[in-house]
Amino acid sequence: MDLNIVPKNFSVDEFDSLAPEAGSDNTVTTHGETIGELARARHIVTRLELDLACSSEKLINLTILTMHVDDYQNSALETQLTHDDLDEKTLQFDLLSGFLDSEVRQVEDFLQVLETEIVNGHQLITLFKHLGDTFFEMEQKLIDSEESLKQSKDQISDLRTQSSRYQRILLGEENGMP
C-alpha cells in the first residue's frame, strides 16, 4: 500500500489497515507509536504515585522530627542549666530547627514540581480517552495523586508553622530556649 495516499489523520497498523486516530492532530501515527505513548503515560502516572509516596514518607519523618524538637525544647526548659549548657542547648535547637526548615522548603519545592507533573499527566492521558477503561484507570490514579498532593500540602503548612515558631523562639520573640 502506498503511504503517500493515506490521509494525515489515519494510521497504518501492523495489519496494513487504515484506522482513524482519536484526537488526531493531522499527523500520521503508527500503532506502535500509540502503544509507546501509552506506555510513557503509564510510566509518568506510576512515577507520580511513587514520588508522592516518597514525599509522604519524608513528611512523616519531618513530623516525627518536630515532635523530637518539641521534646528537646521542653526538656531543656524543665531542667536547670548552666549558662554554658544553655548556650549548647540553644545551638543544638538552632541546628535542629534550621535542618527542619531546610527540609520543609525542599519538600515544598518538590511538591510544586509534582503538581505541574499531575497537570501535564492529565493533558497527556486525554489522548487516550478512546481506550475506555485504560483511560479511566489512569485518570483515577491522577485524581488520587491530586488528593495525596493536597494532603501533603496541608502537612507542609503545619510543618511550616512549626518551623516558624522555632525561629521565633530562637529570636526570643516567644517563650522558649534562649
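Every value quoted in this text rests on a predicted model; they were computed, and no experiment measured them. Because only heavy atoms are used, hydrogens play no part in the values below, and waters and symmetry mates are left out as well, while side chains stay in.
- Listed here is the closest heavy atom pair of S97 and S163: O-OG, 4.3 Å.
- Listed for the S102 side chain is no donor-acceptor partner under 3.5 Å among the backbone atoms of F99.
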Side chain to side chain donor-acceptor pair (under 3.5 Å) between Q140 and D144, worked out = CA-CA 6 Å; Q140 187 58 50; D144 293 345; 2.9 Å; yes
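- The shortest distance between side-chain heavy atoms of L59 and Q151 does not fall below 4.5 Å.
- Across all non-hydrogen atoms, the minimal contact from F135 to I125 is CD1-O, 3.2 Å.
- The distance from atom CD of E115 to atom CG of L48, rounded to the nearest 0.5 Å, is 11.5 Å.
- Ion pair R105/D109 not flagged as a salt bridge, since none of the NZ, NE, NH1 or NH2 atoms sits closer than 4.0 Å to an Asp/Glu carboxylate oxygen.
- Taking both residues in full, the closest heavy atoms of F93 and L170 are given as CD2-CD2, 3.5 Å, listed atom of the first, atom of the second, then distance.
- A salt bridge links R40 with E37: the closest approach of a Lys/Arg side-chain nitrogen to an acidic carboxylate oxygen falls below 4.0 angstrom.
- Expressed to the nearest 0.5 Å, how far CG of L149 lies from CD of E146 amounts to 8.0 Å.
- Both M67 and I60 sit in one connected hydrophobic cluster of ILVMFWY residues. Membership requires side-chain heavy atoms under 4.5 Å apart, directly or through other members.
- One N or O on the side chain of S164 and one on the backbone of R160 form a donor-acceptor pair closer than 3.5 Å.
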Intermediate values then yes/no, side chain to side chain contact (heavy atoms under 4.5 Å, CB included), L62 and Q155 = CA-CA 10 Å; L62 291 174; Q155 286 179 294; over 6 Å; no
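- Contact between L124 and I44 at its shortest, heavy atoms only, is CD2-CD1, 3.6 Å.
- Taking 4.5 Å as the limit, some side-chain heavy atom of R42 sits within range of a side-chain heavy atom of T134.
- Annotation: the span from E137 atom CD to L142 atom CG amounts to 11.0 Å, rounded to 0.5 Å.
- At least one side-chain heavy atom of K150 sits under 4.5 Å from a side-chain heavy atom of D154.
- Shown are H122, Q112, R47; of these, the side-chain hydrogen bond (donor to acceptor under 3.5 Å, both in side chains) with E117 is made only by R47.
- Tested against T66, the residues L100, L96, D71 include a single side chain to side chain contact (heavy atoms under 4.5 Å, CB included) partner, L100.
- Of the inter-residue distances, the one linking E103 atom CD with L65 atom CG reads 8.5 Å to the nearest 0.5 angstrom.
- Side chains of L52 and F110 form no contact here, defined as non-hydrogen atoms less than 4.5 Å apart.
- D70 is listed as a side-chain neighbour of Q162, based on a closest heavy-atom distance under 4.5 Å.
- Between the NZ atom of K153 and the CG atom of D158 there is a distance of 14.5 Å, given to the nearest 0.5 Å.
- A donor and an acceptor atom, one from each side chain of E57 and N61, are nowhere located under 3.5 Å apart.
- The minimum heavy-atom distance linking Q167 with G98 is given by the pair NE2-N, 4.2 Å.
- Under a hydrophobic clustering in which Ile, Leu, Val, Met, Phe, Trp and Tyr are joined whenever their side-chain heavy atoms come within less than 4.5 Å, directly or via other members, F136 and L38 fall into the same cluster.
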